[in-house]
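Just below is one structure, and these are the notes that go with it.
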Amino acid sequence: MPNVVTRFAPSPTGYLHVGGARTALFNWLLARNTGGRFLLRIEDTDLARSTEDATRQLLEDLSWLGLKWDNEELVYQSKRVDIYNKLIDGLLAKDLAYEAWETPAELDAMRQQAQRAKRPFIYRRRKYTEDELKKFADEGRKPVVRFVMPVKEYRFFDHGLGKENVWTGRESQDFVIRKTDGMPTYHFAVVVDDAEMGVTHILRGLEHLLNTFNHITLQEALGYDRPNYAHLSVLLNPEDSSKLSKRDRDKRIRKRAQEWMRSTKKDVAALASASTLTGERLEEWLNADTVQLDLSEQPKVMRVVGLKETDLPEIMVHDFRKNGYVPEVLNNFLALLGWSPGGDLEQMTMEQLVEKFSLDRLVSANSKFNRDKLKSFSTDWFSKASPERSLAAIKDYLAVNPSSLLNQANDAQLADLLRMNAGFHILADVEEKSRFFFIPDDQIEYDTSAIDKVLLKNDKAGVAALKAARDVLASATDWSTHGLETTVKTYCEQSGQGLGKVAQPLRLAICGGAVSPPIFDSLAFLGREKTLARIDRCLSKVA
RNA sequence: GGCCCCAUCGUCUAGUGGCCUAGGACACCGCCCUCUCACGGCGGCGACAGGGGUUCAAAUCCCCUUGGGGUCACCA
């Protein structure tokens, strides 16, 4: 396959959705596999929705994934309006397109009428009388331009489905190619740009399957070659098989907020004062699925109802990054959704993915996005990654999590934390298990059920063990992981106790709970002074 | 609802007419390891949606049914 050119053409609506990331990845892989080019184009013809900030976020995610595009100059459709208009004027001159004057409201009424009559709404060309045209002009109406779709059979070969797609064209209608604001529609711009950029292969979501009939017809009218098409299966939510959507995170928060109000018997006013949002705003949000909290409001509610960032379903590439996934893992996992290298091979490097990728191994059935499997890929990846790569990963994680306490750690300490947490799934797990190191000694909060179980049970056996262990540690000469292990284990043997009887009280004293990295690593990392201070504070709490 | 696409364990998938008593991975369950949580090791549970054909032979080809998804914008 010589001279393959693929492209990714997102509309800038913020951070990159994983579905979009997979589309970008497949296009990138095909280009790399064939020695071709991968181009990036920004589809910003919807002026109301496109912002510079959104474009920046999109490029940030794409770069983070490592999907480098080959065009130095980004193509922005909004800057190419003159080109589209010239071509549209050409179609108008050839009568392959025409001006249509219905307002959105009128079209809406026509659709409703069709629906009531139980027939599909199909827009076909109609003649306007002189009077009508004069009336529209007097009203100051602006026309759209519609493309004449011939009523005939359409067909194209789909490399994703591996079959020819046929459409009778009975429902084909004259679709809009220029909006009243003078911008081309997606259908027009996409066809022109793909042709002008020399795109040979278009890999896109299955939701575009029917659009393809419009696009190939436009190509014929404009005299363009037809590119190769491959439509990719849709990524679905594992819970309800709905399409993976940004709203899923908001949905999760709303559900939890409702549970919280029910179980604590609190009302909206209580939630409002605790979260500092207005009751009005919360009321509106709680009662309508269509209303979403914005990114600054979400954390306020989450804190009150006890939701962590990692409890929310990751949807945007940025979400995965913030939770401590690494691009190699996300790419690997995404590649396996709707494609397979064959056989039992699953975990692959980017180089292997590039080498193995081919269109004839695309899988046509929709796939559910299984985060458990992604997480296990991450676990495996970190267990094999070099210390240097892992260190770079956690520094990137901390860069997008500026409020993390681990930002206080230097590189050597971060490397140490990664080592002692070996076996972790994602970097957010390292953070969760290590943040206690960086909390001031007098702000450690003790988990009451852990105190009962570890210290108070059996007539305060744990308290006695902790006191004894304090003395042993206070006189320890070697405060290294290994030295502490020798000291404490020797003490345990001499006093005839299992290590667990001593380690758990110590763990509770230094971190406030029953879970931490291995105890000797933890003690060594904390240091003698802080360790003893925390033990003393813990003992005074239970006294 | 019309039109279109799809269909192997709960999930991602291998399978391209005989190598299939259907393989792997995740999840789940049990045992082992163990200073906690994890990691790890060993084992287990678990699928060709249903019905008709074609063929010596069907998970694989064809048809119907059922189920799931997509799409019906001056959004992309």
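Naming convention: chains lettered A, B, ... in sequence-line order (proteins, then strands); numbering from 1 in each chain. When reading the values below, keep in mind they use all heavy atoms of this one structure, side chains included, and skip hydrogens, waters and symmetry mates.
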Answer with base, sugar-phosphate or nothing: what part of the nucleic acid does A/Pro104 contact at a heavy-atom distance below 4.0 Å? base

Taking a pair to mean Watson-Crick or G-U wobble geometry with both distances below 3.5 Å, B/G17 pairs with none

Starting at the 5' end of RNA chain B, which residue's closest nucleotide do you reach first, A/Ser364 or A/Asp181? A/Ser364

B/A22 and B/A47, which share atom name P, separated by this distance in whole Å: 10 Å

Looking at CE of A/Met316 and CG of A/Leu244, how far apart are the two atoms once the value is rounded to the nearest 0.5 Å? 10.0 Å

With rounding to the closest Å, how many angstrom separate the P atoms on B/G51 and B/A58? 14 Å

Option among A/Glu102, A/Glu106, A/Glu99 that satisfies the salt bridge (Lys or Arg N to Asp or Glu O under 4.0 Å) test with A/Arg126: A/Glu102

With no hydrogens and no angle check, just 3.5 Å: does a side-chain donor-acceptor pair link A/His201 and A/Thr6? no

Report which part of the nucleic acid A/Lys163 touches: base, sugar-phosphate, or nothing (heavy-atom distance under 4.0 Å, all strands). sugar-phosphate

Verify the contact: side-chain N or O of A/Ser340 to OP1 or OP2 of B/A14, cut-off strictly under 4.0 Å; return yes or no. yes

Within this structure, what is the CH2-to-P distance between A/Trp101 and B/C74, rounded to whole angstrom? 17 Å

Would you indicate what A/Gly160 reaches in the nucleic acid, counting non-hydrogen atoms under 4.0 angstrom: base, sugar-phosphate, or nothing? nothing

Residue A/Arg146, side-chain atoms from C-beta onward, closest of B/C74, B/G2, B/A14: B/C74

Sort out the partner of B/G43 for me: Watson-Crick or G-U wobble, both distances under 3.5 Å, none otherwise. B/C29

If the P atom of B/C19 is compared with that of B/U36, how far apart are they to the nearest Å? 49 Å

Please confirm whether the shortest side-chain N or O distance from A/Lys179 to OP1 or OP2 of B/A76 is below 4.0 Å. yes

Look at all strands and tell whether A/Leu161 reaches a base, only sugar-phosphate, or nothing, counting heavy atoms closer than 4.0 Å. sugar-phosphate

What contact category does A/Val144 fall into here, base, sugar-phosphate, or nothing, at under 4.0 angstrom with non-hydrogen atoms? base

Salt bridge flag under 4.0 Å for residues A/Arg7 and A/Glu43: no

Complementary nucleotide of B/G67, counting Watson-Crick and G-U pairs under 3.5 Å: B/C6

Measure from the side chain of A/Lys368, starting at C-beta and using heavy atoms only, and say which of B/C12, B/C74, B/U16 lies closest. B/C12

Output one letter per nucleotide in nucleotides 60-71 of chain B: B when a protein non-hydrogen atom lies under 4.0 Å from the base, S when only the sugar-phosphate is that close, - when neither is. ---------SBS

Give A/Ser367 one of three labels, base, sugar-phosphate or nothing, depending on what nucleic acid heavy atoms sit under 4.0 Å from its own. sugar-phosphate

State whether a side-chain donor-acceptor pair under 3.5 Å links A/His231 with A/Thr212. yes

Let me know the distance between OH of A/Tyr186 and P of B/C72, rounded to the nearest Å. 11 Å

Between A/Asn165 and B/C4, is there a contact of a side-chain N or O with OP1 or OP2 at under 4.0 Å? no

For the aromatic rings, using the six-membered ring if either is Trp, is the centroid distance between A/Phe369 and A/Phe333 under 6.0 Å? yes

Can you tell me if the side-chain N/O atoms of A/Arg111 get under 4.0 Å from OP1 or OP2 in B/A73? yes

Whether the A/Ser78 and A/Asp44 side chains hold a donor-acceptor pair (N or O, under 3.5 Å, no angle test) is what I'd like checked. yes

State the pairing partner of B/U54; accept Watson-Crick or G-U wobble contacts with both distances under 3.5 Å, and report none otherwise. none

Can you tell me how far C1' of B/C4 sits from CG of A/Asn214, to the nearest Å? 13 Å

What's the gap between B/C48 and B/U21 when it is taken at their P atoms, as a whole Å value? 14 Å

Rounded to whole angstroms, how far apart are CG on A/Asp46 and C1' on B/A76? 8 Å

Once you round it to whole Å, what is the distance between C1' of B/U11 and CG of A/Asn237? 13 Å

Is A/Thr103 touching bases, backbone alone, or none of the nucleic acid, heavy atoms closer than 4.0 Å? base

In A/Tyr186, A/Phe147, A/Tyr123, A/Phe213, the residue satisfying ring pair (Phe, Tyr, Trp, His ring centres under 6.0 Å) with A/Phe175 is A/Phe147

Under a 4.0 Å N-O cut-off, is there an ion pair linking A/Arg80 with A/Asp193? yes

Taking the side chain of A/Trp167 as heavy atoms from C-beta outward, which of B/A76, B/C4, B/A14 is closest to it? B/C4

Check this for me: does any side-chain nitrogen of one of A/Glu239 and A/Lys251 sit under 4.0 Å from a carboxylate oxygen of the other? no

Ring centroid separation A/Phe357 to A/Trp339 under 6.0 Å: yes

The Watson-Crick or G-U wobble partner of B/U34, with both key distances under 3.5 Å, is none

Separation of atom CG in A/Leu235 from atom P in B/C6, rounded to whole Å: 17 Å

Applying the Watson-Crick and G-U wobble criteria at under 3.5 Å, what pairs with B/G1? Answer none if nothing qualifies. B/C72

Whole-Å distance separating the CZ atom of A/Phe188 from the P atom of B/A76: 14 Å

Are there any protein N/O atoms within less than 3.5 Å of an N/O atom in nucleotides 17-19 of chain B, and if so, which ones and at what distance?
none

Straight-line distance of A/Phe156 CZ to A/Thr217 OG1, nearest 0.5 Å: 11.0 Å

Gap in Å between the two P atoms, one belonging to B/U60 and one to B/G44, rounded: 28 Å

Are OP1 or OP2 of B/G15 and a side-chain N or O of A/Arg361 less than 4.0 angstrom apart? yes

Base, sugar-phosphate, or nothing for A/Glu171, non-hydrogen atoms under 4.0 angstrom? base

Using the P atom as the reference point in each nucleotide, state the distance between B/G68 and B/C31 in Å, no decimals. 39 Å

So how far is it from A/Thr45 OG1 to A/His187 NE2, rounded to the nearest 0.5 Å? 10.5 Å

Centroid-centroid under 6.0 Å between A/Phe157 and A/Tyr229 rings: no

With distance as the sole criterion, is a donor-acceptor pair present between the side chains of A/Ser242 and A/Asn237 under 3.5 Å? yes

Tell me whether the count of non-hydrogen atoms from other residues, nucleotides or ligands lying under 6.0 Å of CD in A/Glu432 goes above 12. no

Quote, to the nearest angstrom, the P distance that separates B/U11 from B/A49. 12 Å

Sugar-phosphate means primed atoms, P, OP1 and OP2; the rest is base. With that split, encode nucleotides 21-37 of chain B 5' to 3' as B, S or - using protein heavy atoms under 4.0 Å. --BBBBS-------BBB

Have a look at A/Arg178 and say if it touches a base, only the backbone sugar-phosphate, or nothing, with a 4.0 Å heavy-atom cut-off. nothing

In whole angstrom, give the distance that lies between atom CZ of A/Phe156 and atom P of B/C4. 13 Å

What nucleic acid atoms does A/Val502 come within less than 4.0 Å of, heavy atoms only: base, sugar-phosphate, or nothing? nothing

